[in-house]
Amino acid sequence: MPELPEVEVVRAGLEPAVTGARVTSVTVLDERSLRRHDGPSEDFVDRLTGRTFLAPRRRGKFLWIPLDDDRVTTPEALVVHLGMSGQVLLREPGTDDALTRIRIDIEHPGAGPLLLNFVDQRIFGSMAIDRLASAPDFVDETVPSQVAHIARDPLDPRFDDARFFTRLAAKKTTIKRALLDQTLVSGIGNIYADESLWAARVHYDQPTATLSRARARGLLSEVRAVLNRALAEGGTSFDAQYLNVNGQSGYFSHSLNAYGQQGKPCPRCGRPIVREQFMNRGSHFCAHCQRVR
DNA sequence: CCGGACTCCTGGTTGC
DNA sequence: TGCAACCAGGAGTCCG
């Protein structure tokens, strides 16, 4: 579900509430939500309880909250991945949310006691305690070990455009597959891939090797524009499956030009948007504006 | 290296 | 109304 804009909305929402807060209690209601934690749930609870949260960080669709390191020598973080249906809801202590898998009670020096409910219908998301290590490309930056293979996202100031174009051209694959490859560029999922391709007038099955540098540049620029617009509108919500930390919907679903718009006229040329199966999911595009060439 | 199939899951919607 | 089939924003592994 959540792609870069939705995860960033969650990160930004958590920042003022959790930074400097101490974890007072951790309850794991469903151990399956610890699939990315290396160890049993008791280990997760022990390593998190009593720790203090630093400012939340994000790369692509991964979110993490670094932990103070006065207890351990290796810096660690609480890593959150929302998967398809995960949410982090900021609540008054004692609040129940349906499908809560992990409950984290915290004490904020200014705001007092707060509750973080990790809610996840499909349990593809997860929480984990992971060690922080130097980023592969910059030693002055740390990322959780399970995020080390994830590329920088297009909104990261250190994203290397030239390297992206070079790697893209060297790939023997097609463009939508490449946009969804989190080791090439992160943060893009099915919605924003379709939206960016529509905006750049590129067909999802265009081979990356034959996509001109100029068109690749145009595409990356549209990716950034789409992500930034979605961010400004609070992300995309179709239903209660994506909400910000306060349980509110984003508004970008009203701005979609291609995703989920099958049968409706293309906002650019008026011909119907079509939907095709690709990579076991839907690809939405305008067969007139977006052609392989 | 690449693509496709398959896995992890639940619950809302659709169609008979 | 009941119920089964289908569908969903992700990502990892395995196999050919």
Side-chain angles (χ1 to χ4, degrees), chain A residues 1-10 29-38 58-63 79-88 97-102 118-128 144-151 153 167-197 204-209 223 226-227 230-231 233-244 249-256 258-263 275-284:
Chain A
M1 147 236 232
E3 306 178 34
L4 186 155
E6 292 76 33
V7 179
E8 175 56 23
V9 166
V10 170
L29 301 168
D30 195 321
E31 300 206 4
R32 293 174 298 177
S33 291
L34 295 178
R35 69 172 72 243
R36 291 183 182 84
H37 179 77
D38 185 16
R58 182 191 56 74
R59 174 176 289 192
K61 304 170 196 173
F62 279 85
L63 171 66
V79 184
V80 185
H81 196 291
L82 302 177
M84 293 278 261
S85 54
Q87 303 172 9
V88 180
D97 286 295
L99 305 175
T100 298
R101 310 300 185 184
I102 297 172
F118 179 68
V119 173
D120 190 7
Q121 180 198 111
R122 294 176 69 184
I123 324 183
F124 289 166
S126 62
M127 283 189 158
S145 69
Q146 59 186 268
V147 180
H149 68 295
I150 300 294
D153 61 64
R167 290 183 65 196
L168 188 66
K171 276 194 163 296
K172 290 182 171 59
T173 188
T174 51
I175 189 61
K176 182 167 175 183
R177 199 178 286 279
L179 287 180
L180 295 175
D181 178 353
Q182 306 295 305
T183 68
L184 178 67
V185 53
S186 68
I188 305 167
N190 206 33
I191 297 178
Y192 299 111
D194 283 1
E195 288 302 305
S196 305
L197 289 166
Y204 71 84
D205 223 9
Q206 171 83 41
T208 52
V223 165
V226 166
L227 294 176
L231 200 45
E233 295 186 45
T236 303
S237 305
F238 298 123
D239 49 36
Q241 288 308 308
Y242 169 72
L243 301 172
N244 69 14
S249 293
Y251 291 95
F252 195 70
S253 58
H254 303 289
S255 306
L256 295 172
Y259 185 87
Q261 307 302 301
Q262 59 271 26
R275 178 193 154 109
E276 284 180 9
Q277 278 295 117
F278 178 70
M279 289 175 76
N280 265 336
R281 57 221 311 202
S283 261
H284 314 74

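For clarity, every value in this text was computed on a predicted model and none was experimentally measured. Chain A is the first sequence line, chain B the second, and so forth, proteins listed ahead of strands; every chain is numbered from 1. Just so it is clear, the values below take in all heavy atoms, side chains as well, and ignore hydrogens, waters and symmetry mates.
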Check: A:Y242 and A:E3 side chains under 4.5 Å, non-hydrogen atoms: no

Interatomic distance where OH belongs to A:Y259 and C1' belongs to C:dC7 [whole Å]: 10 Å

Euclidean distance for C1', C:dT13 against B:dT10 (whole angstrom): 22 Å

Charged N-O contact under 4.0 Å between A:R32 and A:D120: no

Non-hydrogen side-chain atoms of A:L34 and A:R101 separated by less than 4.5 Å: no

N/O (side chain, A:Q182) to phosphate O (OP1/OP2, C:dA11) under 4.0 Å: yes

Rounded interatomic separation in angstrom, taking CD from A:Q146 and C1' from C:dT13: 16 Å

Interatomic distance at C1', B:dC8 relative to C:dA4, whole Å: 22 Å

Base-pairing string, 5' to 3', of DNA chain C - Watson-Crick or wobble, under 3.5 Å, | interstrand: .|||||||.|||||||

Side-chain N or O of A:S85 closer than 4.0 Å to phosphate OP1/OP2 of C:dG9: no

Beyond-backbone contact of A:K176 with A:N190, side-chain heavy atoms, under 4.5 angstrom: yes

Length of the line joining A:D205:CG and B:dG3:C1', which is rounded to integer Å: 12 Å

Within-4.5 Å side-chain heavy-atom neighbours: A:H37 and A:M127: no

Contact under 4.0 Å: A:H149 side-chain N or O vs C:dA11 OP1/OP2: no

Whole angstrom value for the distance that separates P of C:dC7 from CE of A:M84: 13 Å

Closest to side chain of A:N190, choosing from B:dG4, C:dG10, C:dA11: C:dG10

Any side-chain heavy-atom pair of A:T236 and A:Y192 under 4.5 Å: yes

C:dG10 phosphate, OP1 or OP2, under 4.0 Å from A:R281 side-chain N/O: yes

Between C1' of C:dG10 and CG of A:L63, the distance in whole Å: 15 Å

Touch class at under 4.0 angstrom, heavy-atom based, for A:F238 against every strand present: base

Sugar-phosphate, base or nothing in reach of A:R275, heavy atoms under 4.0 Å: sugar-phosphate

Protein-nucleotide distance (A:I188, atom CD1; C:dG10, atom P), rounded to Å: 11 Å

Note, A:Q182 side chain near A:K61 side chain (heavy atom, < 4.5 Å): yes

Minimum-distance nucleotide (side-chain atoms of A:K171 versus B:dC2, C:dG10, B:dG3): B:dC2

Spacing of A:M279 atom CE relative to C:dA8 atom C1', expressed in whole Å: 15 Å

Short side-chain N/O contact from A:H81 to OP1 or OP2 of C:dG10, under 4.0 Å: no

side-chain N/O A:Y192 vs C:dG9 OP1/OP2, d < 4.0 Å: no

B:dG12 versus C:dA11 - spacing of their C1' atoms, nearest Å: 23 Å

Sequence-aligned protein contact record of nucleotides 6-12 of chain B, with B where the base is within under 4.0 Å of a protein heavy atom and S where only the sugar-phosphate is: --BBBS-

Atom-to-atom span, NZ of A:K176 to C1' of B:dG3 - whole angstrom: 15 Å

P atoms of C:dT1 and B:dG11, separation to the nearest Å: 23 Å

Phosphate-side-chain proximity, A:K61 and C:dA11, N/O vs OP1/OP2 below 4.0 Å: yes

Identified side-chain contact (heavy atoms from CB on, under 4.5 Å) partner of A:H284 from the options A:Q261, A:E195, A:Q262: A:Q262

